[in-house]
Colleague: 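Take this structure, written in structure tokens, and hold onto it; I'll ask about it next.
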2 protein chains.
Amino acid sequence: MAKPSVTSADVARLARVSQSAVSRTFTRGASVSEDTRSKVMVAAKQLGYRPNALARSLISGRSGIIGIAVAYLDNQFYPVVIERLSRALQVEGYHTLLFMTDPGDQDKVVQEILQYQVEGVVMASAHLSSSMAQECADHGIPVVLFNRYVSSTPASSVTSDNIAGGRAVGRFLAQGGHERIAFIAGFELASTSRDREAGFYQGLAEEGMVCHARAVGAYTSMGATDAARELFSRKDKPDAVFVANDHMAFAVMDVLRNDLGLRIPQDVSVVGYDDVPQAAWGAYDLTTVEQPADAMIAATKDILLEQIAAGAVSRRASVLHGELIIRGSARTG
Amino acid sequence: MAKPSVTSADVARLARVSQSAVSRTFTRGASVSEDTRSKVMVAAKQLGYRPNALARSLISGRSGIIGIAVAYLDNQFYPVVIERLSRALQVEGYHTLLFMTDPGDQDKVVQEILQYQVEGVVMASAHLSSSMAQECADHGIPVVLFNRYVSSTPASSVTSDNIAGGRAVGRFLAQGGHERIAFIAGFELASTSRDREAGFYQGLAEEGMVCHARAVGAYTSMGATDAARELFSRKDKPDAVFVANDHMAFAVMDVLRNDLGLRIPQDVSVVGYDDVPQAAWGAYDLTTVEQPADAMIAATKDILLEQIAAGAVSRRASVLHGELIIRGSARTG
DNA sequence: GTGAAAGCGCTAACAA
DNA sequence: TTGTTAGCGCTTTCAC
């Protein structure tokens, strides 16, 4: 049966000090004499005392919890982000309450998050209604949209420069001497996909080219597979394809090589986006645009901590530069 | 500036009922008249009331939080587990507080977890000292070691049958007509690696064979790369290799094909373990042993919920069967 | 079914 | 520096 947990009062009794002395001992930055502190520590150790973070939060108004909502972890980019963001926040004394969302009930999830009195919210690959964002802002809870943005909300955003990235790919493929350059979009409502596409067209245009064909992969492996089949079933097959993220690019490469018997990059060049760890793996060796995960995480952390400290929310948009990483999946001219 | 959040007292005042009536309205299973309930709901909606989960936990003793400690998310198996486990627990009204651990400070992490009054703990790819496990048990907090076990603690464990899986691989490779079958171990102290290896030797022995060579990959890509180079630099190269998990197997395949110019499976067969999503990707098409993630997650959830409900901890060990998934990376005879 | 009252374990004034 | 005193927002007896 559960042992009733030991409270600060128990420790105080044993140490023959007041309960507040115990509290102070466990509150960093409070003034306690060395003598009292050691008496408390001895008693605490003896009883196995551990402060109750929930009770502390209730009175202090600081829960030390950051809520992270994420829709899926298939795309390796998100696990990487969650791992590093969690670690970065842990260093600052925060912990992450993880919420998996389904497309649709996003607001409901945020409602739940807020019940836990989180001090900040990160939405990664997840949507948030404007009214919900406004509600968080009203309560002084900073919200960071990670890897997407919505201009009409008070929520901050951290993204890489998807337009510049797309543009770099457009120019790179055009300069690589390709003649029929195609695009496979992600989820069309996502700002990432839209921006990468817009930048891509711009890059092509700068080299006097236009996009040869286009299909939609919806950021899923299956969607990408279908999109690739569709694009490459035409008689004027593309000789290069820019895929809106790495996760889809892998599926595309598999179809091209295994189903359609095409060689990469001899017959067709493939470029992705994200630079997830697998992009560097030998079997894909994917040319791609890096999303600067570490910088994006640092920016997210900074926005959160700053606005938590200020007790006020303001909309910030951090747009970080990512390099084109040239590997072997695309011809260079 | 932060709006002071609205409390049940505010709602009560507006609805002209007592504060306890509001509490009852938001506590499922409490008896409130339909009339009162609707008055409360109207007022709550109007004020944007949201119960404070922390205050509720403090008095009720049920936080609704399950702590998950995990060491790294590189191996795709763990993101998959975290995603599905989170979803499964969310359905039951629980949320997951995520802790990234470093090898070493594991107990410290658990201490932090416990401060949040979690109702259960899952340790995935993370260690836990016996004394810490005992302490959790004393407090009635169930602990599940996910994908590993330690016999000498009160912590429960959920694993797949790694011995049977390893054995299946041993027999499969022996029957496939291979003559020099090697093994690349994971982290040698991990029960998964040890069991897979033991089962593997047993399977080989049943077919009258022994392991030709062995190296250690430590469950990292880099370790696996080195291990593969080491095994295949000898003059009597293996013609088959069982790698202790898929994550390493991908790195091994990359080395074999790209650095050493070997064909898979013609020159060398490769078998992994886990059946992570990428194993099915065309570029690897990896023969592997499935870890039955859904069953393992269901077992984890059951153990947690059951022991939480009982208010008592007992050690349970769930060992689940996983199939050998035959794909194209290994010859079949 | 409802309200009044008593805390859950802790922090944060305040006075000493 | 220390102890005393109020609560934080909620659930849960307990009478009514």
Side-chain angles (χ1 to χ4, degrees), chain A residues 2-41 43-44 47-65 93 114-119 139-140, chain B residues 2-41 43-44 47-65 93 114-119 139-140:
Chain A
K3 214 192 268 182
S5 62
V6 4
T7 73
S8 56
D10 299 330
V11 176
R13 209 170 303 124
L14 181 62
R16 299 184 173 286
V17 296
S18 74
Q19 182 270 334
S20 15
V22 178
S23 171
R24 288 192 187 98
T25 305
F26 285 91
T27 308
R28 52 154 238 119
S31 65
V32 210
S33 71
E34 202 40 65
D35 185 43
T36 307
R37 147 169 262 110
S38 66
K39 274 195 294 191
V40 169
M41 291 309 276
L47 297 174
Y49 171 70
R50 203 180 303 110
N52 182 326
L54 267 31
R56 164 179 300 184
S57 306
L58 187 59
I59 177 71
S60 71
R62 311 191 350 89
S63 66
I65 302 177
L114 292 179
Q115 295 194 4
Y116 280 92
Q117 313 304 112
V118 297
E119 297 186 51
H139 288 272
Chain B
K3 210 192 273 182
S5 61
V6 6
T7 72
S8 57
D10 299 330
V11 176
R13 208 170 302 124
L14 181 63
R16 300 181 172 288
V17 296
S18 73
Q19 182 270 337
S20 9
V22 177
S23 171
R24 290 194 187 96
T25 305
F26 285 91
T27 308
R28 53 154 237 118
S31 67
V32 209
S33 71
E34 202 40 65
D35 185 43
T36 308
R37 147 169 261 109
S38 67
K39 275 195 293 190
V40 169
M41 291 309 276
L47 296 174
Y49 170 72
R50 202 179 303 107
N52 182 326
L54 267 32
R56 165 178 297 182
S57 306
L58 188 58
I59 177 71
S60 70
R62 311 193 347 93
S63 66
I65 302 177
L114 292 180
Q115 294 194 4
Y116 280 92
Q117 314 302 114
V118 298
E119 297 186 52
H139 288 273

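Bear in mind that the values here come from a model prediction, so they are computed numbers and not experimental data. Every chain is numbered from 1 and lettered A, B, ... according to where its sequence line falls, protein lines coming before strand lines.
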Colleague: Pick base, sugar-phosphate or nothing for T36(B), based on heavy-atom distances below 4.0 Å to the nucleic acid.
Modeller: sugar-phosphate

Colleague: Using whole Å, report how far CG of L54(B) lies from P of dC8(C).
Modeller: 17 Å

Colleague: What is the separation between atom CD on Q19(B) and atom P on dA6(C), rounded to the nearest whole Å?
Modeller: 14 Å

Colleague: Please check this pair: side chain of S18(B) against backbone of A21(B), looking for a donor-acceptor N/O pair closer than 3.5 Å.
Modeller: yes

Colleague: If I take atom CD in residue E34(B) and atom C1' in nucleotide dT2(C), what distance separates them, rounded to the nearest angstrom?
Modeller: 15 Å

Colleague: Looking across every strand, which nucleic acid part, if any, lies under 4.0 Å from V17(B) by heavy atom: base, sugar-phosphate, or nothing?
Modeller: sugar-phosphate

Colleague: Between E119(B) and S63(B), is there a donor-acceptor pair closer than 3.5 Å when you use the side chain of the first and the backbone of the second?
Modeller: yes

Colleague: Return no unless some side-chain N or O of S18(B) is found under 4.0 Å from OP1 or OP2 of dG3(C).
Modeller: yes

Colleague: Touch check for S33(A), heavy atoms < 4.0 angstrom, all strands: base, sugar-phosphate only, or nothing?
Modeller: sugar-phosphate

Colleague: If you assign each of R16(B) and S60(B) to its closest nucleotide in DNA chain C, which residue comes earlier from the 5' end?
Modeller: R16(B)

Colleague: If you look at every strand shown and take non-hydrogen atoms under 4.0 Å, does F26(A) touch a base, only sugar-phosphate, or nothing?
Modeller: nothing

Colleague: Atom CG of L58(B) and atom C1' of dC10(C): how far apart are they, to the nearest Å?
Modeller: 8 Å

Colleague: May I ask you to verify whether the side chain of R50(A) and the base of dG9(C) hold a donor-acceptor pair under 3.5 Å?
Modeller: no

Colleague: Choosing from dC10(C), dG9(D), dC14(C), which nucleotide comes nearest the side chain of A55(A)?
Modeller: dC10(C)

Colleague: What's the CG-C1' distance between D10(B) and dC8(D), to the nearest Å?
Modeller: 13 Å

Colleague: Report yes if a side-chain nitrogen or oxygen of Y116(B) is closer than 4.0 Å to either non-bridging phosphate oxygen (OP1 or OP2) of dG9(C); otherwise report no.
Modeller: no

Colleague: Counting only side-chain N and O atoms of S31(B), is one of them less than 4.0 Å from OP1 or OP2 of dG1(C)?
Modeller: yes

Colleague: Please examine the side chains of T7(B) and V22(B), heavy atoms only from C-beta on, and report whether any two atoms are closer than 4.5 Å.
Modeller: no

Colleague: With heavy atoms under 4.0 Å as the rule, sort S23(A) into base, sugar-phosphate or nothing.
Modeller: base

Colleague: I want to check something: taking the side chain as every heavy atom from C-beta on, are D10(B) and Y49(B) in contact at a cut-off of under 4.5 Å?
Modeller: no

Colleague: Which nucleotide in the list dC10(D), dT2(D), dT11(C) gets nearest to the side chain of T7(B)?
Modeller: dC10(D)

Colleague: Quick one: R56(A) CZ to dC10(D) P, roughly how many Å, whole number?
Modeller: 21 Å

Colleague: Can you tell me the distance, in whole Å, between the CD atom of Q115(A) and the P atom of dG9(D)?
Modeller: 15 Å

Colleague: Go through the steps for S33(B) and T36(B) under the test side chain to side chain donor-acceptor pair (under 3.5 Å), then give the verdict.
Modeller: CA-CA 5 Å; S33(B) 71; T36(B) 308; 2.8 Å; yes

Colleague: Distance check needed: dT11(D) P versus N52(B) CG, whole Å only.
Modeller: 9 Å

Colleague: Just checking S20(A): base, sugar-phosphate only, or nothing, at a heavy-atom cut-off of under 4.0 Å?
Modeller: base

Colleague: Would you give the length of the straight line joining atom CZ of R50(A) to atom CZ of F26(A), rounded to the nearest 0.5 angstrom?
Modeller: 10.5 Å

Colleague: Reckon V22(A) touches a base, only the sugar-phosphate, or nothing at all at heavy-atom distances under 4.0 Å?
Modeller: nothing

Colleague: Go through dA13(C), dC10(D), dC10(C) for me and flag the one nearest to the I59(B) side chain.
Modeller: dC10(D)

